[in-house]
Chemist: 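Structure below; questions to follow.
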Amino acid sequence: MDGSFYITTPIYYVNDVPHIGHAYTTCAADVLARFHRMRGERVLFSTGTDEHGQKIAKAAQDAGLTPQELVDRVVLRFQDLWKRMHISYDVFIRTTDPEHERTVQSFFLLLKEKGYIYKGEYEGWYCVPCETFWTEAQLEGRLVCPDCGRPLERLREESYFFALSKFTEPLLRYLDEHPDFVMPESRFNEIYSFVKGGLKDQSISRLGVRWGIPVPGDPNHTIYVWFDALINYLTVVGFGRDRELFETFWPSAHHLVGKDILRFHAVLWPSMLLAAGLPLPRRVFAHGWWTVEGEKMSKSKGNVVDPLEVIARFGVDRFRYFLMREVSFGLDGDFSERAFVERSNADLSDNFGNLIHRTLNMVWKYRNGRVAKPSRYEDREWEELLQEVRERFFTFMDRFAFSQALGEVWRLVHFGNRYLDQKAPWRMVQDPILGEELDRVLYRLLDCGRMLGVFLFPFMPETATRLLQYLGVEEILKDHNPLALCDWGKGPSVFSVAQPEPLFPRLQG
RNA sequence: GGCGGUGUAGCUCAGUUGGUCAGAGCAUCCGGCUCAUACCCGGAGCGCCGGGGUUCGAAUCCCUGCACCGCCA
């Protein structure tokens, strides 16, 4: 392991306000960032906004604002949401940042110098709102946009092209050698067959779009939004301006994307990098989409889930937990109130929260809140379970299998509850001879709680912190590598705990 | 139309290279416990899309039919 981990979300297009889809990607990225920090790695976590393009200019016009005014407003909504979701990003990049504009222009020039960018002419059917050209084949004879259904315009214009076609073979070779480059596997197969079909040169500039980054030396052209947007991943790591930063984090990049924008990240982006002579990111992971109450989310249906509302009603950690636990990362999922309440009550209140609560309650009741490390508290079953859970937890986290990773943590929770029932401290306490054994039982459970706090911190930072505070061991979070302390025997000499308060009161269904 | 994938308990899904792989969670039913947030623990029932084949043995491989999904055209 090289000790560096660069994790990115896409930069979100600001013609839309944040919804559950944005929250999902960003939450997953945050979980990864926190997890890798807890392993003692150097982590760079970036998110941001994509602010150029015709659509933005138009939306601004409709709202009676300048484009800059519009994007400045919408950006705040994203930043506010991330704050409320406890998103620990290191960098928030905006494509209107001057630094980014410089990076894009110099990248453009670099590719031009290398002969991968040329001037040509583009002709085709164009959808203005979608800013997309369509080929005759894609239209099946109808002159409306396959995406939005609006009429198309015949457009013929001078354009700069990126010689994407030259990268068909190199990219295929790269995919052959890096079967983990695109995940999940089903997406890898899609990309592979797409590339195998042969890549075509890509138009990367537009005439007449004012709201964008000008082509260097030819300011009538602005750079195509995707070409502009993808380069943000380089701007963030200081490409062309901060050598040390760049060498620390490139190419340890892991890009999280929705499945709808996978192709830009798995085909265009790597080709751009190959053209520039740069190494490719480690991984592009495409996750699924959320439906709501079984239906596709859409503005017209009015069923768009507002993350702020969910947080206000249920709390941030229930939301984060649900997103990460309910579906396998990579697959589609359904967001329903019933599922949310059930998941939250069953996992967080009944199993996890209650285990902590009953443990602390007994420690308080039987031992006045203090349990010293007993002389012999080893327990073979606990040790074997922890070892297996930890190993599998790490494996799943490395594969971005959040739900499965959490499933492993819950094996500890379940075992804790069973252990408690089997040992029945409420009976032990009646027999003074069993006093020492009672200490062992309670200490093991507290120590288990300590580890749960660490394992769960990436997913539910607020709750995990609270738990560790209850246990009086929150210092562990300041350690260079808290995950390495998740082992028996590494607990404190004395647990001095706070009086218990339920971590997750049950929700009324 | 081409390529790829999926079809496993009532629901959501795990099942690496064929031989404790017939499982988990939720739901249902039965029993137990009472420290706890009417929680927790234990037990039970029900299942490998249809058909054919390979094999000593297949959810797992092959063929075929049906259904659904994704990408491309």
Side-chain angles (χ1 to χ4, degrees), chain A residues 134-141 146 182 184-200 258-264 266-267 286-289 291 294 296 318 321-322 325-336 338-367 369 392 395-396 399 401 403-411 413-430 438 441-442 445-446 449 463 497 499-509:
Chain A
W134 299 95
T135 61
E136 301 279 349
Q138 286 170 310
L139 297 177
E140 296 166 339
V182 179
E185 196 185 348
S186 56
R187 299 295 169 195
F188 178 94
N189 293 338
E190 280 177 17
I191 292 299
Y192 193 91
S193 63
F194 177 78
V195 177
K196 202 161 185 182
L199 303 175
K200 294 194 193 97
K259 60 184 182 179
D260 52 324
I261 56 171
L262 175 62
R263 240 168 69 194
F264 294 106
V267 178
H287 67 246
W289 282 350
T291 52
K296 202 172 164 184
R318 282 199 181 89
Y321 179 78
F322 183 82
R325 174 74 242 234
E326 184 67 5
V327 301
S328 236
F329 201 59
L331 302 180
D332 290 349
D334 184 54
F335 192 95
S336 74
R338 201 173 70 112
F340 189 99
V341 170
E342 269 176 21
R343 177 63 76 182
S344 181
N345 280 345
D347 292 4
L348 296 178
S349 303
D350 299 347
N351 289 329
F352 167 66
N354 193 42
L355 170 65
I356 300 303
H357 193 249
R358 62 203 297 224
T359 300
L360 292 182
N361 191 262
M362 281 187 269
V363 169
W364 197 257
K365 218 161 169 171
Y366 305 149
R367 289 292 184 262
R392 292 167 60 91
T395 303
F396 284 132
R399 289 168 38 195
S403 182
Q404 289 86 338
L406 284 167
E408 290 302 315
V409 177
W410 254 256
R411 287 175 65 195
V413 172
H414 181 242
F415 190 80
N417 275 317
R418 184 165 65 173
Y419 181 77
L420 210 38
D421 278 23
Q422 280 171 352
K423 295 293 181 183
W426 51 93
R427 277 201 284 274
M428 282 182 171
V429 75
Q430 289 166 8
L438 177 57
V441 170
L442 293 177
L445 286 162
L446 290 167
T463 301
V497 310
Q499 274 200 308
E501 203 59 50
L503 290 169
F504 292 102
R506 283 190 120 249
L507 300 170
Q508 296 309 309

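Within every chain, numbering begins at 1; the chains are lettered A, B, ... in the order of the sequence lines, protein sequences first and strands thereafter. From a predicted model like this one, the values you see are computed outputs, not experimental measurements.
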Chemist: Could you measure the distance from the CH2 atom of Trp364(A) to the CD atom of Gln499(A)? Nearest 0.5 Å is fine.
Modeler: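 The distance works out to 4.5 Å.
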Chemist: Of the residues in residues 499-506 of chain A, which ones touch RNA chain B at a heavy-atom distance under 4.0 Å?
Modeler: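 The answer is Pro502(A), Leu503(A), Phe504(A), Pro505(A), Arg506(A).
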Chemist: On RNA chain B, check which nucleotide each of Arg418(A) and Ser193(A) is closest to and give me the residue with the more 5' one.
Modeler: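 That would be Ser193(A).
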Chemist: Whole angstrom is fine here: how far is it from CZ in Phe322(A) over to C1' in U12(B)?
Modeler: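 So the two atoms are 11 Å apart, to the nearest Å.
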Chemist: What is the distance, to the nearest angstrom, from the CD atom on Glu190(A) to the P atom on G2(B)?
Modeler: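 Checked: the CD to P distance equals 18 Å.
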Chemist: What's the gap between C72(B) and U54(B) when it is taken at their P atoms, as a whole Å value?
Modeler: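 41 Å, rounded to whole Å.
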Chemist: What integer number of Å spans the P atoms of G65(B) and G57(B)?
Modeler: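 Going atom to atom, P in each nucleotide, I get 26 Å.
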Chemist: I'd like the C1' distance from G42(B) over to U6(B), given in whole Å.
Modeler: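 Roughly 36 Å separates the two C1' atoms.
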Chemist: Across all strands, who's sitting opposite A58(B) as a Watson-Crick or G-U wobble pair, both distances under 3.5 Å?
Modeler: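 Across any shown strand, A58(B) pairs with none.
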Chemist: In whole Å, what is the span from the CG atom of Leu262(A) to the C1' atom of C71(B)?
Modeler: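 In whole Å, C71(B) C1' lies 10 Å from Leu262(A) CG.
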Chemist: Pair Asn354(A), Phe504(A) - check side-chain contact (heavy atoms from CB on, under 4.5 Å), show working.
Modeler: CA-CA 8 Å; Asn354(A) 193 42; Phe504(A) 292 102; over 6 Å; no
Chemist: In terms of heavy-atom contacts, does CZ of Arg399(A) have more than 12 from other residues, nucleotides or ligands at under 6.0 Å?
Modeler: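 Atom CZ in Arg399(A) is not crowded, with 12 or fewer foreign heavy atoms closer than 6.0 Å.
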Chemist: To the closest 0.5 Å, what do you measure between CG (Asp350(A)) and OG (Ser344(A))?
Modeler: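 The OG atom of Ser344(A) is 9.0 Å from CG of Asp350(A), to the nearest 0.5 Å.
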Chemist: Round to the nearest Å and state the distance from Ile356(A) atom CD1 to C40(B) atom C1'.
Modeler: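 Distance check: Ile356(A) CD1 to C40(B) C1' gives 14 Å.
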Chemist: If the P atom of A38(B) is compared with that of C71(B), how far apart are they to the nearest Å?
Modeler: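 The answer is 46 Å between these two P atoms.
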Chemist: Just how far, in rounded Å, is P of U6(B) from CZ of Arg187(A)?
Modeler: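 Atom-to-atom, Arg187(A) to U6(B), this comes out as 13 Å.
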Chemist: With Trp410(A), which residues qualify under ring-ring contact (aromatic ring centres under 6.0 Å, His included), at least two apart?
Modeler: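 If we apply the ring-ring contact (aromatic ring centres under 6.0 Å, His included) test to Trp410(A), skipping adjacent residues, the hits are Tyr321(A), Phe352(A).
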Chemist: Taking the side chain of Leu331(A) as its heavy atoms from C-beta onward, which of A36(B), C72(B), A14(B) lies nearest to it?
Modeler: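 Nearest to the side-chain atoms of Leu331(A), counting from C-beta on, is A14(B).
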Chemist: Does C35(B) have a Watson-Crick or wobble mate here (both distances under 3.5 Å), and if so which one?
Modeler: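 Partner of C35(B): none found under 3.5 Å.
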Chemist: Partner lookup for C3(B), please. Criteria are Watson-Crick or G-U wobble with both distances under 3.5 angstrom; report none if nothing qualifies.
Modeler: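 Looking at the geometry, C3(B) pairs with G70(B).
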Chemist: I want to check something: taking the side chain as every heavy atom from C-beta on, are Val441(A) and Tyr419(A) in contact at a cut-off of under 4.5 Å?
Modeler: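 Heavy-atom side-chain distance check passes, below 4.5 Å.
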Chemist: CZ of Arg325(A) versus P of U12(B): gap in Å, rounded?
Modeler: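 These atoms are roughly 16 Å apart.
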Chemist: Nearest 0.5 Å please: distance from the CG atom of Leu360(A) over to the CE atom of Met362(A).
Modeler: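 The CG atom of Leu360(A) sits 9.5 Å away from the CE atom of Met362(A).
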Chemist: Once you round it to whole Å, what is the distance between P of G5(B) and CD of Glu185(A)?
Modeler: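 Roughly 9 Å, once rounded to whole Å.
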Chemist: Which residue is it: Asp347(A), Val341(A), Leu348(A)? I am looking for the one with a side-chain contact (heavy atoms from CB on, under 4.5 Å) to Arg318(A).
Modeler: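 Only one of Asp347(A), Val341(A), Leu348(A) forms a side-chain contact (heavy atoms from CB on, under 4.5 Å) with Arg318(A), namely Leu348(A).
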Chemist: With a 3.5 angstrom cut-off on both distances, give the Watson-Crick or G-U wobble partner of A24(B), or none if there isn't one.
Modeler: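 The base-pairing partner of A24(B), which may sit in any strand shown, is U12(B).
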Chemist: Supply the atom-to-atom distance Thr359(A) OG1 to Leu445(A) CG, rounded to the nearest 0.5 angstrom.
Modeler: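 Going from the OG1 atom of Thr359(A) to the CG atom of Leu445(A) covers 4.5 Å.
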Chemist: Which value, in whole Å, describes the distance between the C1' atoms of nucleotides G43(B) and G5(B)?
Modeler: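 Their C1' atoms lie roughly 39 Å apart.
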Chemist: Working to the nearest 0.5 angstrom, can you tell me the gap between Gln430(A) CD and Tyr366(A) OH?
Modeler: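 Separation between the atoms: 8.0 Å.
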Chemist: For G51(B) versus A58(B), give the span between their C1' atoms, rounded off to a whole number of Å.
Modeler: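 Their C1' atoms lie roughly 16 Å apart.
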Chemist: What integer distance in Å separates Gln404(A):CD from U12(B):P?
Modeler: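 So the CD-P distance, Gln404(A) to U12(B), works out to 17 Å.
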Chemist: Under 4.0 Å between a side-chain nitrogen and a carboxylate oxygen: does that hold for Asp421(A) and Arg358(A)?
Modeler: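 Here Asp421(A) pairs with Arg358(A) in a salt bridge, since their nearest N and O are under 4.0 Å apart.
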Chemist: Pick the P atom in A14(B) and in C33(B), then give their distance to the nearest Å.
Modeler: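 Their P atoms lie roughly 38 Å apart.
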Chemist: For G47(B), what is the paired nucleotide under Watson-Crick or G-U wobble rules, both distances under 3.5 Å?
Modeler: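 Pair assignment: G47(B) / none.
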Chemist: If the sugar-phosphate is the primed atoms plus P, OP1 and OP2 and the base is the rest, what is the B/S/- string for nucleotides 22-35 of chain B, using protein heavy atoms under 4.0 Å?
Modeler: ----S-----BSSB
Chemist: So what does Gly197(A) touch, heavy atoms closer than 4.0 Å: a base, only the sugar-phosphate, or nothing?
Modeler: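 No contact at all - Gly197(A) keeps every heavy atom at 4.0 Å or more from the nucleic acid.
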Chemist: What integer number of Å spans the C1' atoms of A9(B) and C3(B)?
Modeler: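 Per the computed distance, 33 Å lies between those C1' atoms.
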